Number of protein chains: 2
Amino acid sequence: MVAALVGDPARANMLTALMNGRALTASELAQEAGITPQTASSHLAKLEAGGLVEPEKQGRHRYYRLTDDDVAGVLEGLAGLAARTGHMRVRTGPKDPALRRARICYDHLAGDLGVQMLDTMRERNLVRQKKQDIELTAEGERFLAKHLQISPDMLSHPRRPVCKACLDWSERRHHLAGTLGAAMMQRFAELKWAARDATPGSRVVNFTRTGEKQFAALFGNGKD
Amino acid sequence: MVAALVGDPARANMLTALMNGRALTASELAQEAGITPQTASSHLAKLEAGGLVEPEKQGRHRYYRLTDDDVAGVLEGLAGLAARTGHMRVRTGPKDPALRRARICYDHLAGDLGVQMLDTMRERNLVRQKKQDIELTAEGERFLAKHLQISPDMLSHPRRPVCKACLDWSERRHHLAGTLGAAMMQRFAELKWAARDATPGSRVVNFTRTGEKQFAALFGNGKD
DNA sequence: ACAATGCTTCGGCTACCATCGAAGCATGAA
DNA sequence: TTCATGCTTCGATGGTAGCCGAAGCATTGT
């Protein structure tokens, strides 16, 4: 059944990413859906078998596009039904998924992952938050020293707080700023977990595969 | 996500069964999908939450129908996509013709003729209907007195309404219930226009030749 | 030739969800 | 009232499908 194909969240994300009519590679679609290439491969095979997408081989890439406008039309219709029940998410902030997921806010991590990180830190008592004021706990200091080799004396600054809550543009929730936020982002880059996108002017932060895994191990919420 | 709702085979079968625009009871939908009532109940709750179907309570039955034509349209579209890959579903046909044409529903006339009767009464302003509530007009009272010797005072009952819309089992449209519906059916029997089938337990109503003619003269829609 | 990249296949794990039995309500009938 | 019917809720189970790690092809670049 075709609907079952569209029903899976990962596949739905892929299809949505293809709704603009352009073709995307398997890897791009994997990133779009937030899954590994091998999982994406499995999904794409099913979508192809279901006649929803068709591949075009080009070198060592495989570009996928929606089969035709009929498919796009049905997807539109489904989105319309979803919108009526309020099950559709409201578009806030940037539309670029990569930008929504992880980006640079001044010098610290923002986007879904940034919000997720602070959420988890709060949940595990690594920090305590009162409104916009955040303070690092003793437990948090041990955590940072152990997993990220960050010591408290690296964070002191004459005019800047160690921790600060920063309202996230796309998520409309807080992520972590301050010298700690900056230090952690810097550490992620040094560990090759993540790097700013090469495109000039882009604020997108790309996580490596291992980086994403390591990050999820420390701050994951199980929803990815 | 809406597509996930349609994606499940059991739910898909239910929705397909509702595609003709008629309403079905929860039990019938369960049988249609080949699952137990409790499983069907769970599915129907989800479909309702997703805005795909809406219920109508009638006695101890719960009739479900597709919310509107948009839903049907999207389902059509999905079926269209499915058809291209070769997997098409088959639709099971109806059943006993005599039962569908005329039968007893509690104590009043149901089936094709029952629906047809209410249709004509509504069309000729003998009754006015708002959803499930039906009221007899002055014109209707004159009509009943003249042609069926039924006077309004025969119809009053402490706990039962004079007119009530009852969802027809086979036609899935409303026919006339209440004390008036019962009185009319009784009158048909007294006039030897129709009689319940002799078979024990059968709900079939057999019309005589003259009865059929007389009935058609009063309530016919010209399609017979 | 070798290495790097992109994608796929295979195997095992896990989580979710459809499913059903049993019991609980609600409505209508006797 | 009591009983029967229709439907729902609860709890437990099992099958399935998504997911990833590791390894295998395929293509391109050096």
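Order of the sequence lines fixes the chain letters, A, B, ..., with proteins taken first and strands second; residue numbering starts at 1 for each chain. As the structure is a prediction and not an experimental result, all values here were calculated from the model. The basis for the numbers below is simple: all heavy atoms, side chains too, and nothing from hydrogens, waters or symmetry mates.
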Q) Angle class for the A/Phe207/A/Phe188 ring planes (parallel below 30°, perpendicular above 60°, tilted otherwise)? A)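 Ring orientation, 0 to 90° scale: tilted.
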
Q | Name of the residue among B/Glu56, B/Glu48, B/Glu54 meeting salt bridge (Lys or Arg N to Asp or Glu O under 4.0 Å) with B/Arg62 | A |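 When salt bridge (Lys or Arg N to Asp or Glu O under 4.0 Å) is applied between B/Arg62 and each of B/Glu56, B/Glu48, B/Glu54, only B/Glu48 qualifies.
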
Rounded to whole Å, how long is the line connecting atom [atom1] of [X] with atom [atom2] of [N]?
{"X": "B/Glu28", "N": "D/dT5", "atom1": "CD", "atom2": "C1'", "value": "14 Å"}
{"X": "A/Asn13", "N": "D/dC19", "atom1": "CG", "atom2": "C1'", "value": "15 Å"}
{"X": "B/Asp8", "N": "D/dT16", "atom1": "CG", "atom2": "C1'", "value": "12 Å"}
{"X": "A/Leu29", "N": "C/dG6", "atom1": "CG", "atom2": "P", "value": "14 Å"}
{"X": "B/Met14", "N": "C/dT19", "atom1": "CE", "atom2": "C1'", "value": "12 Å"}
{"X": "A/Gln38", "N": "D/dC19", "atom1": "CD", "atom2": "C1'", "value": "8 Å"}
{"X": "B/Glu56", "N": "D/dG6", "atom1": "CD", "atom2": "C1'", "value": "16 Å"}
{"X": "B/Arg62", "N": "D/dT8", "atom1": "CZ", "atom2": "C1'", "value": "9 Å"}

Classify the nucleic acid contact of [X] as base, sugar-phosphate or nothing, counting any heavy atom under 4.0 Å across all strands shown.
{"X": "A/Ser42", "answer": "nothing"}
{"X": "B/Arg11", "answer": "sugar-phosphate"}
{"X": "B/Ala10", "answer": "sugar-phosphate"}

Of all the choices, [options], which nucleotide is nearest to the side chain of [X] once you look at every atom?
{"X": "A/His43", "options": "C/dG6, D/dG18, D/dA22", "value": "D/dG18"}
{"X": "B/Ser41", "options": "D/dG21, D/dT5, D/dT8", "value": "D/dT8"}
{"X": "A/Thr36", "options": "D/dT5, D/dG21, D/dG18", "value": "D/dG21"}
{"X": "B/Lys57", "options": "C/dT8, C/dA26, C/dC20", "value": "C/dA26"}
{"X": "B/Arg60", "options": "D/dT5, C/dT9, D/dT8", "value": "D/dT5"}

Q | Spacing of B/Arg65 atom CZ and B/Leu18 atom CG [to the nearest 0.5 Å] | A |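 Those atoms lie 9.5 Å apart.
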
Q: Flag the pair B/Leu218 / B/Leu148 as yes when at least one side-chain heavy-atom distance between them is below 4.5 Å, and no otherwise.
A: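 Yes - at least one pair of side-chain heavy atoms lies under 4.5 Å apart.
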
Q: Go through the side-chain N and O atoms of A/Thr39 and A/Thr36 and say whether any donor and acceptor fall under 3.5 Å apart.
A: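 Result is yes, a qualifying pair exists.
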
Does [X] have a side-chain nitrogen or oxygen under 4.0 Å from the phosphate oxygens OP1 or OP2 of [N]?
{"X": "A/Lys46", "N": "D/dA17", "value": "no"}
{"X": "A/Thr39", "N": "D/dG18", "value": "no"}
{"X": "A/Lys213", "N": "D/dG21", "value": "yes"}

